[in-house]
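Inspection log for the structure reproduced underneath, given as structure tokens.
Below, chain A is the first sequence line, B the second, and so on; all start at residue 1.
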There are 2 protein chains.
Amino acid sequence: MNPESLSPAEPAAATGASSRAEPTAATRDAAPTDPTTPPASPFPHAATLHDVARDAGVSLATASRVLNGSERKVAEAFRERVERAAEALGYTPNMSAQATARGRSPIIALLVADIADPYFGQIAAGVARGADERGLVVTISITERDQDRENRILRALRGQRPQGLILAASRADRSDDTGVAGSAPSELEAFERYGGRVVAFGDRPDVGGEGRGARSIVIDNAGGAEALGRRMAALGYRTAIGIGAAEGVRTSDDRLGGFARGFVAGGGTVARIHRGDFRRESGASAMTEALAEGVEPGTLVFGMSDVVALGAISAIRAAGRQVGTDIAVCGFDDVSASSDVSPSLTTVRVPLNEAGYQAFRAVVDEDWTQDPLPVEVIVRDSTPGVA
Amino acid sequence: MNPESLSPAEPAAATGASSRAEPTAATRDAAPTDPTTPPASPFPHAATLHDVARDAGVSLATASRVLNGSERKVAEAFRERVERAAEALGYTPNMSAQATARGRSPIIALLVADIADPYFGQIAAGVARGADERGLVVTISITERDQDRENRILRALRGQRPQGLILAASRADRSDDTGVAGSAPSELEAFERYGGRVVAFGDRPDVGGEGRGARSIVIDNAGGAEALGRRMAALGYRTAIGIGAAEGVRTSDDRLGGFARGFVAGGGTVARIHRGDFRRESGASAMTEALAEGVEPGTLVFGMSDVVALGAISAIRAAGRQVGTDIAVCGFDDVSASSDVSPSLTTVRVPLNEAGYQAFRAVVDEDWTQDPLPVEVIVRDSTPGVA
DNA sequence: CTGAAAGCGCTAACAC
DNA sequence: GTGTTAGCGCTTTCAG
């Protein structure tokens with residue numbers, strides 16, 4: 001572009017490079033009229049480092065050094081020429097090539113149950129934010145809460161040779177250590193064995209944990225739920241119904257257990273627990289079930305997650321009952337929909353975006369210690385209290 | 001594992017391979033006691049194709065042929081040995097290496113404004129579903145609705161040499177063709193020039209469109225909104241207030257325009273329009289603004305998107321007004337929160353997940369034509385109608 | 001400080 | 001059908 005700069009046609013000659021006329025470069029650019037030129041490929045190739053080096057009249061090594069972070073110094077004159085050439089050609093380093101050469105990819109793999117679920121959406125946003133800061137790329141996979149699927153994905157993910165793996169799959173991270181269920185643990189170990197870091201939400205599904213990895217983002221489910229239970233009791237509620245996931249699912253157990261502890265401490269009783277999974281529909285059907293068994297006015301329903309609580313609310317409405325003074329409801333997470341429902345949902349706020357960000361940091365920062373994630377009870381209109 | 005199978009220590013010798021003792025393989029595995037063995041790297045390397053070939057006693061080419069889809073036939077005996085060796089070593093092809101060698105990566109890059117927003121979350125889910133079916137990987141980037149950021153990201157994305165790019169960034173896809181604002185268009189052209197496909201939601205931000213790409217997922221915003229407008233008029237509403245994005249933003253213009261057309265056709269009038277962007281807060285402040293100017297009971301508010309409408313609802317509540325008979329509200333998209341609010345939100349349902357899936361197909365299928373995405377008016381409680 | 005050359009792990013002609 | 005051998009685009013010793 002700049003007329004002062006090297007003519008794109010012969011900079012190589014200008015700097016005297018005798019061995020630069022390898023067949024590749026030559027056939028590709030030097031002689032457009034050369035009859036041996038292979039038929040043009042369907043699309044032009046993106047500029048390569050080779051092109052930049054040639055145009056700048058420097059070696060591949062030098063071009064690489066100035067363009068892609070190397071600590072080695074390059075003379076200002078050369079540096080400039082390389083930068084100019086790169087600019088002119090619109091050069092962008094080929095990530096895959098760099099990855100193969102360096103032996104490590106810039107990928108962070110994120111595994112979620114369902115990216116359309118606001119819970120995971122927020123976590124993903126946090127992860128993406130971190131990755132962006134560090135120039136890393138995040139790939140996303142959906143488990144659909146299916147253990148087999150998750151295992152298959154994990155297997156396939158190894159192909160990416162990701163720098164790290166973030167598991168926010170709400171898997172049945174059962175506390176019973178028999179690694180029997182699913183081959184995931186060994187798959188995860190494989191990840192770490194070759195240097196990848198695995199960070200899980202909740203507890204690591206595998207036992208042991210002496211691997212260099214074994215990092216996990218823990219949310220104070222029990223504590224938050226206990227505070228919520230106590231607060232609800234203070235509002236005058238005396239009997240509660242819990243809606244949770246299957247027994248053995250950590251997050252659910254912790255929240256249900258914590259809530260019960262607090263609620264009982266405050267003088268209440270958890271009458272019974274209905275179980276399903278983390279989806280909205282599950283919350284709705286559990287609630288329907290509960291209603292069928294009979295729910296006294298003034299009862300409080302604790303949904304193990306907001307999404308589930310939201311499902312419960314819709315079931316309560318569908319049954320012609322009122323949410324609030326008739327049947328009170330509270331949840332956990334504080335996803336954004338919770339403040340939109342009406343009556344707005346009482347819940348425990350969890351900084352999900354921050355949690356995702358921390359998960360990212362746990363993957364990339366060698367020295368890392370979790371900052372505790374503050375959980376906070378937020379009382380809204382769905383639990384007006386009993387007179 | 002199977003005692004009957006080849007001893008892992010000497011299968012290569014068993015098949016007589018003379019040239020197989022290149023320094024690399026040799027130093028890496030053959031002589032653990034060899035004093036010239038380099039100090040062990042921090043982590044063991046993942047098994048390479050080379051390892052598999054050696055253990056199976058075949059050439060690299062053969063191993064490659066059986067393990068990674070090649071059409072060329074390989075004798076059953078060899079195929080089995082290779083598979084066994086791969087299995088035993090836990091081999092997984094290195095995606096980056098394959099990408100460099102093949103000259104094309106398995107990546108589909110998805111660009112969204114905000115992954116925590118349910119609108120984009122659903123689209124992302126659809127994209128991920130498609131990618132999973134085809135064994136492709138999707139990377140995700142967040143524009144935060146910032147044009148500069150989007151351009152930077154686009155630039156960086158080129159490094160991934162993605163097979164395709166899906167733009168669901170709700171960018172200011174202004175209809176004024178002056179490509180002046182932002183260098184994005186040229187960046188997109190660059191993508192297509194080297195063979196990548198660009199698929200955009202709404203219309204392509206660049207002009208022309210004769211590139212082989214120029215595919216876009218169009219949602220019938222005008223039509224859906226018009227139907228909604230007509231329906232609202234039929235419910236008896238006579239005056240409406242619109243909440244949209246800045247003038248010139250396609251999606252917003254189309255929805256606002258379509259709504260007005262239908263509403264007016266039905267006998268109503270759109271009194272005025274307040275503008276902001278696609279975020280919830282924006283909807284809330286626009287509504288607050290509207291309320292300050294005075295909103296008669298019986299007025300209908302049309303939020304250009306559900307998220308915005310949800311924001312408006314919260315503002316209405318905050319102002320001590322009632323949603324429904326006092327001030328009616330309707331939106332567009334039918335994100336899941338819309339059925340959870342109370343009163344539930346009247347809206348136009350858009351199959352977002354399906355749209356994401358189609359976007360994926362548009363990227364990978366050479367012959368592709370968009371299946372029309374059915375939009376459907378869904379009347380709920382937020383527009384009870386006027387007596 | 002620069003450049004030549006040997007890889008990284010895998011693919012794809014091209015020979016045998 | 002199988003193996004050899006160049007690459008792919010980039011990094012990184014190792015000599016100068």
Side-chain angles (χ1 to χ4, degrees), chain A residues 12 15-20 22-25 27-28 38 41 45-54 56-79 81-82 86 91-106 159-161 194, chain B residues 15-20 22-25 27-28 38 41 45-54 56-79 81-82 91-106 159 161:
Chain A
T15 322
S18 48
S19 65
R20 197 152 299 111
E22 312 98 7
T24 321
T27 50
R28 193 150 68 210
S41 65
H45 283 307
T48 96
L49 188 58
H50 197 114
D51 299 333
V52 175
R54 177 176 32 66
V58 302
S59 74
L60 259 177
T62 300
S64 172
R65 294 198 265 258
V66 3
L67 261 14
N68 309 317
S70 161
E71 290 156 354
R72 302 195 45 172
K73 286 174 196 345
V74 172
E76 195 48 41
F78 279 17
R79 149 162 280 114
R81 303 208 349 230
V82 171
Y91 169 78
T92 321
N94 180 318
M95 186 190 95
S96 297
Q98 286 190 144
T100 30
R102 296 194 178 138
R104 123 190 92 84
S105 87
Q160 296 181 15
R161 301 285 189 278
Y194 80 71
Chain B
T15 321
S18 47
S19 67
R20 197 149 298 111
E22 311 98 6
T24 320
T27 48
R28 191 149 70 210
S41 64
H45 283 307
T48 97
L49 187 60
H50 196 114
D51 298 333
V52 175
R54 177 178 31 68
V58 302
S59 75
L60 257 179
T62 299
S64 173
R65 294 199 264 259
V66 1
L67 260 15
N68 309 317
S70 160
E71 289 156 355
R72 304 197 42 172
K73 286 171 193 349
V74 172
E76 196 46 45
F78 279 18
R79 149 162 281 113
R81 303 209 348 231
V82 170
Y91 170 79
T92 319
N94 180 318
M95 189 190 93
S96 297
Q98 287 191 140
T100 32
R102 295 207 244 248
R104 122 189 95 83
S105 87
R161 300 287 188 278

For A61(B), which contact category applies under a 4.0 Å heavy-atom criterion: base, sugar-phosphate, or nothing?
base
Is R79(B) side chain donor-acceptor paired with the dG1(D) base, going by distance under 3.5 Å alone?
no
What is the distance, to the nearest angstrom, from the [atom1] atom on [X] to the [atom2] atom on [N]?
X      : N      : atom1 : atom2 : value
R54(B) : dG3(D) : CZ    : P     : 15 Å
L49(B) : dG9(C) : CG    : P     : 11 Å
H50(B) : dT4(D) : NE2   : P     : 11 Å
N94(B) : dC8(C) : CG    : P     : 12 Å
R65(B) : dT4(D) : CZ    : P     : 11 Å

If an axis is fit to five pairs at each end of the helix from dC1(C)-dG16(D) to dC16(C)-dG1(D), what is the angle between the two, to the nearest 10°?
40°
Sorted by chain and residue number, the side-chain contact (heavy atoms from CB on, under 4.5 Å) partners of A101(A) (sequence neighbours excluded) come out as none
Sorted by chain and residue number, the side-chain contact (heavy atoms from CB on, under 4.5 Å) partners of T62(A) (sequence neighbours excluded) come out as V58(A), S59(A), R65(A), V66(A), V74(A), F78(A)
Across all chains, not counting sequence neighbours, the side-chain hydrogen bond (donor to acceptor under 3.5 Å, both in side chains) partners of R102(B) are Q98(B)
Specify the residue among E76(A) and L60(A) whose closest nucleotide of DNA chain C lies further upstream toward the 5′ end.
E76(A)
Just to be sure I understand the geometry, which residues of residues 95-103 of chain B put a non-hydrogen atom under 4.0 Å away from DNA chain D?
T100(B), A101(B)
